[in-house]
Protein chains: 2
Amino acid sequence: MMGKLTARAIAERALEIGDAEGLDAVTIRRLASDLGVTPMALYWHFKNKEQLIIGMADHLIGGFAPKPADQRPWQEQLRDLTEGLINTLRTHPCAKHVIEQIDAVAVPNFLAVWDQALGLARTAGFSVEESCLITKYLLQSAIAIADAPVHDQAFLSGEDLAQQVRFKRLGLQSLPGESYPHLVEMAGPLVEPKDPHLYDTFGVDLVLSGIEALAARR
Amino acid sequence: MMGKLTARAIAERALEIGDAEGLDAVTIRRLASDLGVTPMALYWHFKNKEQLIIGMADHLIGGFAPKPADQRPWQEQLRDLTEGLINTLRTHPCAKHVIEQIDAVAVPNFLAVWDQALGLARTAGFSVEESCLITKYLLQSAIAIADAPVHDQAFLSGEDLAQQVRFKRLGLQSLPGESYPHLVEMAGPLVEPKDPHLYDTFGVDLVLSGIEALAARR
DNA sequence: ACCTGAACACCGTTCAAGT
DNA sequence: ACCTGAACACCGTTCAAGT
(Lines give C-alpha, C1' and ligand atoms only; values in the text may rest on other atoms or scores of the structure.)
Protein backbone atom coordinates (compact mmCIF):
# COMPACT_ATOMS: atom_id res chain seq x y z
CA MET A 1 0.00 0.00 0.00
CA MET A 2 2.62 2.54 1.03
CA GLY A 3 5.93 1.11 -0.09
CA LYS A 4 7.69 -2.00 1.08
CA LEU A 5 8.61 -2.51 4.70
CA THR A 6 12.38 -2.57 4.51
CA ALA A 7 15.11 -1.96 7.06
CA ARG A 8 15.88 1.29 5.32
CA ALA A 9 12.28 2.47 5.34
CA ILE A 10 12.00 1.64 9.03
CA ALA A 11 15.15 3.56 9.90
CA GLU A 12 13.97 6.54 7.90
CA ARG A 13 10.59 6.64 9.59
CA ALA A 14 12.29 6.26 12.96
CA LEU A 15 14.46 9.26 12.17
CA GLU A 16 11.42 11.30 11.19
CA ILE A 17 9.74 10.52 14.50
CA GLY A 18 12.94 11.16 16.44
CA ASP A 19 13.60 14.48 14.74
CA ALA A 20 10.03 15.63 15.19
CA GLU A 21 9.23 14.42 18.70
CA GLY A 22 12.52 13.40 20.27
CA LEU A 23 14.26 10.05 20.46
CA ASP A 24 12.11 8.93 23.39
CA ALA A 25 9.12 8.94 21.07
CA VAL A 26 10.83 6.35 18.88
CA THR A 27 9.30 3.25 20.33
CA ILE A 28 8.99 -0.14 18.70
CA ARG A 29 5.25 -0.10 19.12
CA ARG A 30 4.78 3.50 18.02
CA LEU A 31 7.02 3.00 15.03
CA ALA A 32 5.16 -0.13 14.00
CA SER A 33 1.79 1.53 14.26
CA ASP A 34 3.08 4.45 12.18
CA LEU A 35 4.15 1.98 9.53
CA GLY A 36 0.80 0.22 9.66
CA VAL A 37 2.29 -3.01 10.87
CA THR A 38 2.59 -5.20 13.96
CA PRO A 39 5.37 -4.42 16.47
CA MET A 40 6.84 -7.87 15.96
CA ALA A 41 7.20 -7.22 12.24
CA LEU A 42 10.11 -4.91 13.00
CA TYR A 43 11.99 -7.73 14.69
CA TRP A 44 12.36 -9.41 11.35
CA HIS A 45 14.46 -6.48 10.08
CA PHE A 46 16.23 -5.53 13.32
CA LYS A 47 17.36 -7.95 16.00
CA ASN A 48 16.40 -5.52 18.76
CA LYS A 49 15.96 -1.84 19.53
CA GLU A 50 19.68 -1.25 19.84
CA GLN A 51 20.16 -2.43 16.27
CA LEU A 52 17.33 -0.16 15.21
CA ILE A 53 19.10 2.88 16.66
CA ILE A 54 22.31 1.74 15.02
CA GLY A 55 20.37 1.66 11.78
CA MET A 56 19.23 5.22 12.41
CA ALA A 57 22.81 6.32 13.03
CA ASP A 58 24.04 4.58 9.92
CA HIS A 59 21.42 6.27 7.77
CA LEU A 60 22.27 9.57 9.42
CA ILE A 61 26.00 9.44 8.76
CA GLY A 62 25.39 8.01 5.31
CA GLY A 63 23.90 11.39 4.52
CA PHE A 64 27.23 13.05 4.12
CA ALA A 65 29.35 10.46 2.36
CA PRO A 66 32.99 11.19 3.19
CA LYS A 67 34.87 11.84 -0.01
CA PRO A 68 37.98 9.73 -0.47
CA ALA A 69 41.13 11.39 0.75
CA ASP A 70 42.28 13.97 -1.77
CA GLN A 71 45.51 15.90 -2.13
CA ARG A 72 44.57 19.04 -0.24
CA PRO A 73 46.31 19.89 3.04
CA TRP A 74 44.93 17.99 6.01
CA GLN A 75 43.65 21.20 7.62
CA GLU A 76 41.19 21.77 4.80
CA GLN A 77 40.04 18.17 4.73
CA LEU A 78 39.54 18.14 8.49
CA ARG A 79 37.54 21.33 8.25
CA ASP A 80 35.31 19.83 5.58
CA LEU A 81 34.74 16.77 7.69
CA THR A 82 33.90 18.82 10.77
CA GLU A 83 31.49 21.04 8.90
CA GLY A 84 29.81 17.99 7.41
CA LEU A 85 29.30 16.54 10.87
CA ILE A 86 27.93 19.78 12.23
CA ASN A 87 25.61 20.06 9.28
CA THR A 88 24.00 16.65 9.72
CA LEU A 89 23.75 17.25 13.46
CA ARG A 90 21.89 20.46 12.65
CA THR A 91 19.48 18.97 10.14
CA HIS A 92 18.64 16.05 12.43
CA PRO A 93 17.75 17.23 15.93
CA CYS A 94 17.82 13.69 17.31
CA ALA A 95 21.24 12.88 15.85
CA LYS A 96 22.95 13.98 19.06
CA HIS A 97 21.07 11.52 21.23
CA VAL A 98 21.38 8.75 18.66
CA ILE A 99 25.15 9.11 18.53
CA GLU A 100 25.43 9.33 22.29
CA GLN A 101 23.48 6.16 22.88
CA ILE A 102 25.29 3.75 20.62
CA ASP A 103 28.78 2.37 20.17
CA ALA A 104 30.39 3.92 17.11
CA VAL A 105 32.12 0.64 16.30
CA ALA A 106 28.77 -0.89 15.36
CA VAL A 107 27.93 1.75 12.74
CA PRO A 108 29.60 1.09 9.35
CA ASN A 109 29.25 4.61 7.98
CA PHE A 110 30.55 5.97 11.23
CA LEU A 111 33.63 3.79 10.99
CA ALA A 112 34.29 5.24 7.56
CA VAL A 113 34.44 8.86 8.72
CA TRP A 114 36.31 7.84 11.84
CA ASP A 115 38.95 6.10 9.77
CA GLN A 116 39.30 9.11 7.54
CA ALA A 117 39.69 11.42 10.52
CA LEU A 118 42.30 9.10 12.01
CA GLY A 119 44.23 9.19 8.75
CA LEU A 120 44.18 12.97 8.64
CA ALA A 121 45.38 13.20 12.23
CA ARG A 122 48.28 10.86 11.41
CA THR A 123 49.36 12.89 8.40
CA ALA A 124 49.24 15.96 10.65
CA GLY A 125 52.03 14.32 12.58
CA PHE A 126 50.19 13.14 15.67
CA SER A 127 50.98 9.85 17.34
CA VAL A 128 48.61 6.93 17.29
CA GLU A 129 47.21 7.68 20.73
CA GLU A 130 47.02 11.40 20.12
CA SER A 131 45.10 10.77 16.91
CA CYS A 132 42.70 8.58 18.80
CA LEU A 133 41.94 11.35 21.25
CA ILE A 134 41.74 14.02 18.57
CA THR A 135 39.08 12.18 16.61
CA LYS A 136 36.91 11.74 19.69
CA TYR A 137 37.49 15.37 20.53
CA LEU A 138 36.45 16.39 17.05
CA LEU A 139 33.15 14.57 17.27
CA GLN A 140 32.29 16.00 20.67
CA SER A 141 33.24 19.49 19.53
CA ALA A 142 30.97 19.15 16.54
CA ILE A 143 28.16 18.24 18.91
CA ALA A 144 28.85 21.32 21.02
CA ILE A 145 28.84 23.62 18.01
CA ALA A 146 25.76 22.08 16.45
CA ASP A 147 23.99 22.33 19.79
CA ALA A 148 23.84 26.11 19.61
CA PRO A 149 20.38 27.47 20.32
CA VAL A 150 18.12 26.52 17.47
CA HIS A 151 17.73 29.30 14.90
CA ASP A 152 15.65 28.05 12.02
CA GLN A 153 13.60 25.16 10.60
CA ALA A 154 12.73 23.92 14.08
CA PHE A 155 10.22 21.14 14.28
CA LEU A 156 8.04 23.20 16.53
CA SER A 157 5.64 25.68 15.05
CA GLY A 158 6.87 29.26 15.14
CA GLU A 159 4.66 30.25 18.03
CA ASP A 160 5.58 27.31 20.22
CA LEU A 161 9.24 27.97 19.60
CA ALA A 162 9.04 31.64 20.45
CA GLN A 163 7.17 30.84 23.61
CA GLN A 164 9.67 28.18 24.60
CA VAL A 165 12.56 30.61 24.06
CA ARG A 166 10.82 33.23 26.17
CA PHE A 167 10.26 30.63 28.85
CA LYS A 168 13.89 29.57 28.96
CA ARG A 169 15.13 33.12 29.12
CA LEU A 170 12.78 33.90 31.95
CA GLY A 171 14.12 30.89 33.81
CA LEU A 172 17.66 32.17 33.47
CA GLN A 173 16.82 35.76 34.31
CA SER A 174 14.96 34.81 37.45
CA LEU A 175 18.03 33.11 38.89
CA PRO A 176 19.66 34.72 41.92
CA GLY A 177 21.83 37.42 40.37
CA GLU A 178 24.45 37.33 43.08
CA SER A 179 25.10 33.63 42.54
CA TYR A 180 25.02 33.53 38.75
CA PRO A 181 25.83 37.04 37.53
CA HIS A 182 26.96 36.06 34.03
CA LEU A 183 24.09 33.68 33.37
CA VAL A 184 21.55 36.33 34.27
CA GLU A 185 23.28 38.97 32.21
CA MET A 186 23.67 36.73 29.18
CA ALA A 187 20.24 35.14 29.33
CA GLY A 188 19.17 36.64 26.01
CA PRO A 189 22.08 35.56 23.82
CA LEU A 190 22.26 32.19 25.54
CA VAL A 191 18.87 31.13 24.23
CA GLU A 192 18.66 32.99 20.91
CA PRO A 193 21.85 33.82 19.07
CA LYS A 194 21.87 36.55 16.48
CA ASP A 195 24.21 35.30 13.81
CA PRO A 196 24.20 31.54 13.26
CA HIS A 197 26.59 31.72 10.35
CA LEU A 198 29.29 33.58 12.24
CA TYR A 199 28.57 31.21 15.09
CA ASP A 200 29.53 28.31 12.86
CA THR A 201 32.82 29.62 11.53
CA PHE A 202 33.91 30.69 14.99
CA GLY A 203 33.19 27.26 16.39
CA VAL A 204 35.08 25.44 13.66
CA ASP A 205 37.96 27.89 14.00
CA LEU A 206 38.03 27.16 17.71
CA VAL A 207 38.38 23.42 17.18
CA LEU A 208 40.87 23.54 14.35
CA SER A 209 43.00 26.21 16.02
CA GLY A 210 43.65 23.88 18.90
CA ILE A 211 44.60 21.00 16.65
CA GLU A 212 46.80 23.14 14.41
CA ALA A 213 48.51 24.75 17.39
CA LEU A 214 49.52 21.38 18.76
CA ALA A 215 50.45 20.05 15.32
CA ALA A 216 52.88 22.96 14.91
CA ARG A 217 54.76 21.79 18.00
CA ARG A 218 55.53 18.34 16.58
CA MET B 1 17.73 0.60 60.11
CA MET B 2 20.17 1.84 57.48
CA GLY B 3 20.04 5.60 57.64
CA LYS B 4 17.21 7.92 56.81
CA LEU B 5 15.61 7.93 53.39
CA THR B 6 16.51 11.39 52.18
CA ALA B 7 16.77 12.96 48.73
CA ARG B 8 20.52 12.98 49.12
CA ALA B 9 20.72 9.33 50.12
CA ILE B 10 18.53 8.38 47.16
CA ALA B 11 20.68 10.30 44.69
CA GLU B 12 23.83 8.74 46.11
CA ARG B 13 22.49 5.23 45.85
CA ALA B 14 21.30 5.98 42.32
CA LEU B 15 24.80 7.10 41.41
CA GLU B 16 26.28 3.92 42.85
CA ILE B 17 23.96 1.80 40.74
CA GLY B 18 24.57 3.93 37.66
CA ASP B 19 28.33 3.82 38.03
CA ALA B 20 28.36 0.09 38.65
CA GLU B 21 25.79 -1.14 36.14
CA GLY B 22 25.05 1.73 33.80
CA LEU B 23 22.38 4.41 33.90
CA ASP B 24 19.79 2.07 32.40
CA ALA B 25 19.96 0.01 35.57
CA VAL B 26 18.84 3.04 37.56
CA THR B 27 15.16 2.36 37.69
CA ILE B 28 12.64 3.70 40.16
CA ARG B 29 11.64 0.20 41.16
CA ARG B 30 15.16 -1.18 41.32
CA LEU B 31 16.35 1.82 43.30
CA ALA B 32 13.48 1.51 45.75
CA SER B 33 14.09 -2.17 46.34
CA ASP B 34 17.77 -1.47 46.91
CA LEU B 35 16.81 1.08 49.54
CA GLY B 36 14.38 -1.35 51.11
CA VAL B 37 11.38 0.77 50.35
CA THR B 38 8.35 0.95 48.11
CA PRO B 39 8.77 2.52 44.63
CA MET B 40 6.21 5.16 45.46
CA ALA B 41 8.24 6.28 48.47
CA LEU B 42 10.72 7.87 46.09
CA TYR B 43 8.01 10.09 44.66
CA TRP B 44 7.84 11.90 47.94
CA HIS B 45 11.43 13.10 47.50
CA PHE B 46 11.50 13.51 43.70
CA LYS B 47 8.61 14.63 41.56
CA ASN B 48 9.53 12.19 38.81
CA LYS B 49 12.45 10.31 37.31
CA GLU B 50 13.75 13.37 35.49
CA GLN B 51 14.11 15.17 38.81
CA LEU B 52 15.90 12.12 40.18
CA ILE B 53 18.49 12.26 37.43
CA ILE B 54 18.84 16.00 37.99
CA GLY B 55 19.52 15.16 41.61
CA MET B 56 22.20 12.72 40.52
CA ALA B 57 23.80 15.39 38.34
CA ASP B 58 23.70 17.94 41.12
CA HIS B 59 25.39 15.57 43.55
CA LEU B 60 27.94 14.74 40.87
CA ILE B 61 28.94 18.31 40.11
CA GLY B 62 28.81 19.20 43.79
CA GLY B 63 31.79 16.88 44.12
CA PHE B 64 34.21 19.42 42.80
CA ALA B 65 33.04 22.70 44.27
CA PRO B 66 34.23 25.50 41.99
CA LYS B 67 36.44 27.84 43.96
CA PRO B 68 35.44 31.49 43.78
CA ALA B 69 37.23 33.43 41.08
CA ASP B 70 40.76 34.22 42.19
CA GLN B 71 43.37 36.57 40.80
CA ARG B 72 45.28 34.14 38.62
CA PRO B 73 45.22 34.54 34.83
CA TRP B 74 42.09 33.13 33.20
CA GLN B 75 44.07 30.44 31.38
CA GLU B 76 45.05 28.79 34.65
CA GLN B 77 41.57 29.01 36.11
CA LEU B 78 40.04 27.59 32.97
CA ARG B 79 42.51 24.73 33.05
CA ASP B 80 41.65 23.97 36.66
CA LEU B 81 37.97 23.96 35.84
CA THR B 82 38.48 21.65 32.85
CA GLU B 83 40.60 19.23 34.81
CA GLY B 84 38.01 19.16 37.57
CA LEU B 85 35.31 18.28 35.10
CA ILE B 86 37.40 15.56 33.51
CA ASN B 87 38.20 14.16 36.92
CA THR B 88 34.60 13.78 38.04
CA LEU B 89 33.70 12.34 34.65
CA ARG B 90 36.44 9.76 35.19
CA THR B 91 35.47 8.80 38.72
CA HIS B 92 31.80 8.44 37.79
CA PRO B 93 31.34 6.28 34.69
CA CYS B 94 27.67 7.19 34.40
CA ALA B 95 28.29 10.94 34.64
CA LYS B 96 28.48 11.24 30.87
CA HIS B 97 25.02 9.81 30.30
CA VAL B 98 23.58 11.74 33.22
CA ILE B 99 24.82 15.04 31.84
CA GLU B 100 23.69 14.19 28.33
CA GLN B 101 20.16 13.37 29.37
CA ILE B 102 19.26 16.46 31.38
CA ASP B 103 19.01 20.19 30.86
CA ALA B 104 21.93 21.92 32.56
CA VAL B 105 19.70 24.83 33.51
CA ALA B 106 17.88 22.62 36.01
CA VAL B 107 21.02 21.66 37.94
CA PRO B 108 22.08 24.30 40.50
CA ASN B 109 25.66 23.13 40.91
CA PHE B 110 25.98 22.94 37.16
CA LEU B 111 24.83 26.53 36.81
CA ALA B 112 27.57 27.56 39.23
CA VAL B 113 30.43 26.12 37.16
CA TRP B 114 28.78 27.31 33.97
CA ASP B 115 28.60 30.84 35.31
CA GLN B 116 32.23 30.73 36.35
CA ALA B 117 33.28 29.47 32.91
CA LEU B 118 31.25 32.23 31.26
CA GLY B 119 32.99 34.82 33.40
CA LEU B 120 36.43 33.49 32.51
CA ALA B 121 35.57 33.53 28.82
CA ARG B 122 34.46 37.14 29.09
CA THR B 123 37.66 38.24 30.82
CA ALA B 124 39.54 36.46 28.05
CA GLY B 125 38.01 39.01 25.73
CA PHE B 126 35.37 36.94 23.98
CA SER B 127 31.98 38.34 23.11
CA VAL B 128 28.82 37.21 24.82
CA GLU B 129 27.89 34.78 22.08
CA GLU B 130 31.40 33.49 21.69
CA SER B 131 31.61 32.85 25.41
CA CYS B 132 28.37 30.94 25.23
CA LEU B 133 29.76 28.64 22.58
CA ILE B 134 33.11 28.27 24.31
CA THR B 135 31.56 27.03 27.53
CA LYS B 136 29.52 24.40 25.73
CA TYR B 137 32.59 23.44 23.77
CA LEU B 138 34.56 23.09 26.98
CA LEU B 139 32.07 20.69 28.50
CA GLN B 140 31.90 18.51 25.41
CA SER B 141 35.67 18.46 25.12
CA ALA B 142 35.96 17.34 28.72
CA ILE B 143 33.60 14.49 27.91
CA ALA B 144 35.74 13.48 24.94
CA ILE B 145 38.92 13.49 27.00
CA ALA B 146 37.40 11.66 29.93
CA ASP B 147 35.97 9.09 27.55
CA ALA B 148 39.39 7.70 26.74
CA PRO B 149 39.57 3.92 27.00
CA VAL B 150 39.26 3.01 30.65
CA HIS B 151 42.62 2.43 32.29
CA ASP B 152 42.11 1.77 35.96
CA GLN B 153 39.57 1.32 38.77
CA ALA B 154 36.99 -0.01 36.37
CA PHE B 155 33.84 -1.36 37.91
CA LEU B 156 34.31 -4.66 36.14
CA SER B 157 36.51 -7.28 37.67
CA GLY B 158 39.97 -7.44 36.17
CA GLU B 159 39.28 -10.57 34.18
CA ASP B 160 36.05 -9.34 32.70
CA LEU B 161 37.71 -6.10 31.70
CA ALA B 162 40.65 -7.79 30.01
CA GLN B 163 38.31 -10.06 28.12
CA GLN B 164 36.15 -7.15 27.05
CA VAL B 165 39.19 -5.25 25.79
CA ARG B 166 40.35 -8.28 23.85
CA PHE B 167 36.89 -8.61 22.38
CA LYS B 168 36.74 -5.01 21.23
CA ARG B 169 40.17 -5.16 19.66
CA LEU B 170 39.26 -8.31 17.80
CA GLY B 171 36.18 -6.56 16.49
CA LEU B 172 38.28 -3.72 15.11
CA GLN B 173 41.00 -5.95 13.71
CA SER B 174 38.52 -8.13 11.87
CA LEU B 175 37.19 -5.18 9.91
CA PRO B 176 37.88 -5.09 6.18
CA GLY B 177 41.40 -3.64 6.02
CA GLU B 178 40.92 -2.00 2.65
CA SER B 179 37.94 0.01 3.89
CA TYR B 180 39.24 1.01 7.31
CA PRO B 181 43.04 0.86 7.15
CA HIS B 182 43.72 3.15 10.10
CA LEU B 183 41.17 1.58 12.40
CA VAL B 184 42.63 -1.87 11.83
CA GLU B 185 46.17 -0.67 12.30
CA MET B 186 45.36 1.28 15.46
CA ALA B 187 43.09 -1.30 17.03
CA GLY B 188 45.41 -1.88 19.97
CA PRO B 189 45.95 1.69 21.13
CA LEU B 190 42.32 2.54 20.44
CA VAL B 191 41.07 0.21 23.13
CA GLU B 192 43.91 0.29 25.67
CA PRO B 193 46.08 3.39 25.89
CA LYS B 194 49.52 3.17 27.45
CA ASP B 195 49.93 6.42 29.27
CA PRO B 196 46.76 7.86 30.79
CA HIS B 197 48.57 10.75 32.44
CA LEU B 198 50.13 12.01 29.23
CA TYR B 199 46.77 11.40 27.62
CA ASP B 200 45.23 13.88 30.05
CA THR B 201 47.66 16.74 29.65
CA PHE B 202 47.59 16.42 25.88
CA GLY B 203 43.81 16.57 25.86
CA VAL B 204 43.63 19.65 28.06
CA ASP B 205 46.37 21.29 26.02
CA LEU B 206 44.37 20.61 22.90
CA VAL B 207 41.29 22.34 24.25
CA LEU B 208 43.02 25.32 25.81
CA SER B 209 45.30 25.87 22.82
CA GLY B 210 42.28 26.47 20.66
CA ILE B 211 40.76 28.94 23.07
CA GLU B 212 44.02 30.77 23.67
CA ALA B 213 44.77 30.95 19.96
CA LEU B 214 41.46 32.66 19.26
CA ALA B 215 41.76 34.87 22.32
CA ALA B 216 45.08 36.15 21.01
CA ARG B 217 43.35 37.41 17.88
CA ARG B 218 40.94 39.68 19.78
C1' DA C 1 10.94 -15.02 3.61
C1' DC C 2 7.98 -12.18 6.02
C1' DC C 3 4.41 -11.14 9.23
C1' DT C 4 0.76 -11.91 13.12
C1' DG C 5 -1.24 -13.08 18.02
C1' DA C 6 -0.83 -13.94 22.48
C1' DA C 7 1.84 -13.74 26.42
C1' DC C 8 5.72 -12.32 29.81
C1' DA C 9 8.40 -9.40 32.58
C1' DC C 10 9.29 -4.98 33.24
C1' DC C 11 8.67 0.10 33.23
C1' DG C 12 6.96 5.17 35.19
C1' DT C 13 3.21 7.23 37.38
C1' DT C 14 -1.46 8.37 39.73
C1' DC C 15 -4.50 8.19 43.36
C1' DA C 16 -6.47 6.96 47.47
C1' DA C 17 -5.32 5.40 51.78
C1' DG C 18 -2.65 4.58 55.90
C1' DT C 19 0.44 6.35 60.12
C1' DA D 1 5.34 14.69 56.84
C1' DC D 2 6.30 10.38 55.02
C1' DC D 3 5.19 5.93 53.22
C1' DT D 4 2.19 1.88 51.32
C1' DG D 5 -1.18 -0.83 48.02
C1' DA D 6 -3.51 -1.36 44.13
C1' DA D 7 -4.16 -0.07 39.60
C1' DC D 8 -3.20 2.00 34.77
C1' DA D 9 -0.97 2.65 30.53
C1' DC D 10 2.96 1.75 28.42
C1' DC D 11 7.39 -0.58 27.31
C1' DG D 12 10.82 -4.42 24.81
C1' DT D 13 10.98 -9.08 23.69
C1' DT D 14 10.03 -14.30 23.03
C1' DC D 15 7.79 -17.94 20.97
C1' DA D 16 4.69 -20.40 18.39
C1' DA D 17 1.97 -20.01 14.55
C1' DG D 18 0.32 -18.39 10.14
C1' DT D 19 1.06 -17.39 4.75
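Values reported hereafter were calculated over all heavy atoms of this structure, with side chains retained and with hydrogens, waters and symmetry mates removed. Within every chain, numbering begins at 1; the chains are lettered A, B, ... in the order of the sequence lines, protein sequences first and strands thereafter. Since the structure is predicted, the reported quantities are computational estimates derived from the model, not experimental observations.
Here D:dT4 presents its P atom at 10 Å from NE2 of B:H45, a figure rounded to the nearest Å. One atom, CG of B:D24, and another, P of D:dC11, lie 17 Å apart when rounded to the nearest Å. Atom OH in A:Y43 sits roughly 12 Å away from atom P in D:dC11 (whole-Å rounding). One atom, CZ of A:R30, and another, P of C:dC11, lie 24 Å apart when rounded to the nearest Å. Remark: C1' of D:dG12 and NZ of A:K47 are 13 Å apart, rounded to the nearest angstrom. For the pair B:M40 CE and C:dA17 P, the interatomic distance rounds to 16 Å; values are reported in whole Å. Atom NZ of A:K49 and atom P of C:dA9 are 21 Å apart (whole Å). The CD atom of A:E50 sits 17 Å away from the C1' atom of D:dC11 (whole-angstrom rounding).
Between B:E130 and B:R122 there is no salt bridge, since no side-chain nitrogen of the basic residue lies less than 4.0 Å from a carboxylate oxygen of the acidic one.
Remark: B:I99 CD1 to B:H92 NE2 distance equals 10.5 Å, nearest 0.5 Å.
A:R8 CZ: 12 or fewer foreign heavy atoms inside a 6.0 Å radius.
Among B:N87, B:D80, B:T88, the single residue meeting the side chain to side chain contact (heavy atoms under 4.5 Å, CB included) criterion with B:F64 is B:T88.
At a threshold of 4.5 Å between non-hydrogen side-chain atoms, the residues A:D115 and B:P181 count as touching. A:Y137 has its side chain within reach of B:V207: a pair of non-hydrogen atoms, C-beta onward, lies under 4.5 Å apart.
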Pair pattern of DNA chain C in dot-bracket, where unpaired bases get dots and | marks partners in another strand, Watson-Crick or G-U under 3.5 angstrom: ||.|||||...|||||.||

